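Okay, so here's the structure we're looking at.
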Amino acid sequence: MDDRRARFNALYRSNGDPWGFTVRPYEQMKYDVTLAALPSPRYARALEVGCSIGVLSEKLAARCDRFLGVDVSDEAIRMARRRCRLARNASFSVVEVPRQWPHAEYDLIVLSEILYFLTAVEVADLARLVARDLERNGDCVLVNWLGHTDTTLTGERAACLFTESLRAERSLWTYSSQSRPDFRLDVLTAC
């Protein structure tokens, strides 16, 4: 697990925006689609897992009373804090999910392009934590890249595994999904 933290810290040290979050039109389009898919205009307490340098975080925090972004990389969290420094409702922590988890009640949990970096066991463990901490009528949003990854799980497989595990933990959900050429977006609302 510490290898993951070291790997991501090295990645962010070598390139402060390794996936082009601030410059790629794909990323902006994905953020726009994600924000448009949120069922509620405002959330009381939100969690973004894998917040990276805080580009989506900044947009999410504007729709939340309290926002927490977590990432495995100290370097990414440092940049996210700087990007969102004016958002008084936003905080950031270095956390490696699912081994570490910021236990609280959330009405929004966002997992954007994070699941396929985990193992199948970790995805199932994460689903258990989300099922436990997502409030009734709370929304869980998944965004997963559908292209090639250098990871064990594909985005498609990770999304299916998470959704199956989540439903096994808590049976009542409303669900919507949309596929784009490069990614899929799923919204699960706890009933």
Side-chain angles (χ1 to χ4, degrees), residues 19 21 26-52 55-71 95 97-99 101-149 151-191:
W19 288 280
F21 295 132
Y26 161 78
E27 296 296 339
Q28 186 57 57
M29 182 270 301
K30 181 181 70 177
Y31 298 147
D32 291 345
V33 170
T34 301
L35 294 169
L38 294 177
S40 178
R42 186 122 191 113
Y43 291 91
R45 187 174 185 138
L47 171 66
E48 181 188 9
V49 177
C51 68
S52 186
V55 179
L56 179 58
S57 306
E58 188 174 33
K59 298 170 187 308
L60 289 169
R63 292 181 58 176
C64 302
D65 297 334
R66 293 172 62 193
F67 172 87
L68 174 61
V70 300
D71 199 280
V95 172
V97 297
R99 187 169 57 106
W101 178 256
H103 179 51
E105 290 185 352
Y106 302 101
D107 58 346
L108 175 63
I109 298 176
V110 176
L111 306 166
S112 182
E113 300 210 39
I114 180 71
L115 292 177
Y116 51 85
F117 287 105
L118 304 176
T119 66
V121 169
E122 289 172 320
V123 169
D125 289 346
L126 180 57
R128 278 191 285 283
L129 294 166
V130 169
R132 182 193 70 196
D133 287 0
L134 191 65
E135 293 178 353
R136 188 170 185 266
N137 298 316
D139 300 315
C140 179
V141 177
L142 314 177
V143 181
N144 283 283
W145 167 252
L146 296 178
H148 174 75
T149 66
T151 58
T152 306
L153 294 174
T154 64
E156 183 75 29
R157 179 69 188 124
C160 290
L161 179 60
F162 181 87
T163 302
E164 291 164 8
S165 298
L166 193 64
R167 287 180 170 162
E169 291 297 315
R170 194 168 167 177
S171 59
L172 298 175
W173 296 90
T174 60
Y175 174 75
S176 67
S177 181
Q178 56 179 291
S179 289
R180 299 289 174 135
D182 296 326
F183 69 94
R184 81 179 253 181
L185 186 142
D186 300 276
V187 179
L188 297 106
T189 302
C191 298

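Only this structure's heavy atoms are used, side chains among them; waters, hydrogens and symmetry mates stay out. It should be emphasised that the depicted structure is a prediction, and the values quoted were computed from it without experimental measurement.
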Taking all heavy atoms of [X] and all of [Y], pick out the closest pair and write down the distance.
X      : Y      : value
Tyr31  : Val55  : CE1-CG1, 3.4 Å
Cys51  : Gly69  : SG-C, 3.7 Å
Asn144 : Ala159 : ND2-CB, 3.5 Å
Pro98  : Asp125 : CG-CB, 3.8 Å

Just verifying a value: how many Å separate Arg180 CZ and Lys30 NZ, rounded to the nearest 0.5 Å? 13.0 Å
Got a second to check how far Lys59's NZ is from Leu38's CG, nearest 0.5 Å? 12.5 Å
Under 3.5 Å donor-acceptor, [X] side chain and [Y] backbone:
X      : Y      : answer
Ser40  : Tyr43  : no
Arg170 : Leu134 : yes
Arg42  : Cys64  : yes
Arg184 : Leu142 : no
Arg132 : Ala127 : no

Less than 4.5 Å apart, any side-chain heavy atom of [X] and any of [Y]?
X      : Y      : result
Trp19  : Tyr26  : no
Leu129 : Val97  : no
Leu126 : Trp101 : yes
Thr34  : Leu185 : yes
Arg167 : Tyr175 : yes
Thr154 : Tyr116 : no
Phe21  : Leu56  : no
Cys191 : Thr174 : yes

Would you please test Glu135 and Arg45 for salt bridge (charged side-chain N to carboxylate O under 4.0 Å, His left out) and show each step? CA-CA 10 Å; Glu135 293 178 353; Arg45 187 174 185 138; over 6 Å; no
Neighbour count above 12 (heavy atom, 6.0 Å) for Gln178 CD: yes
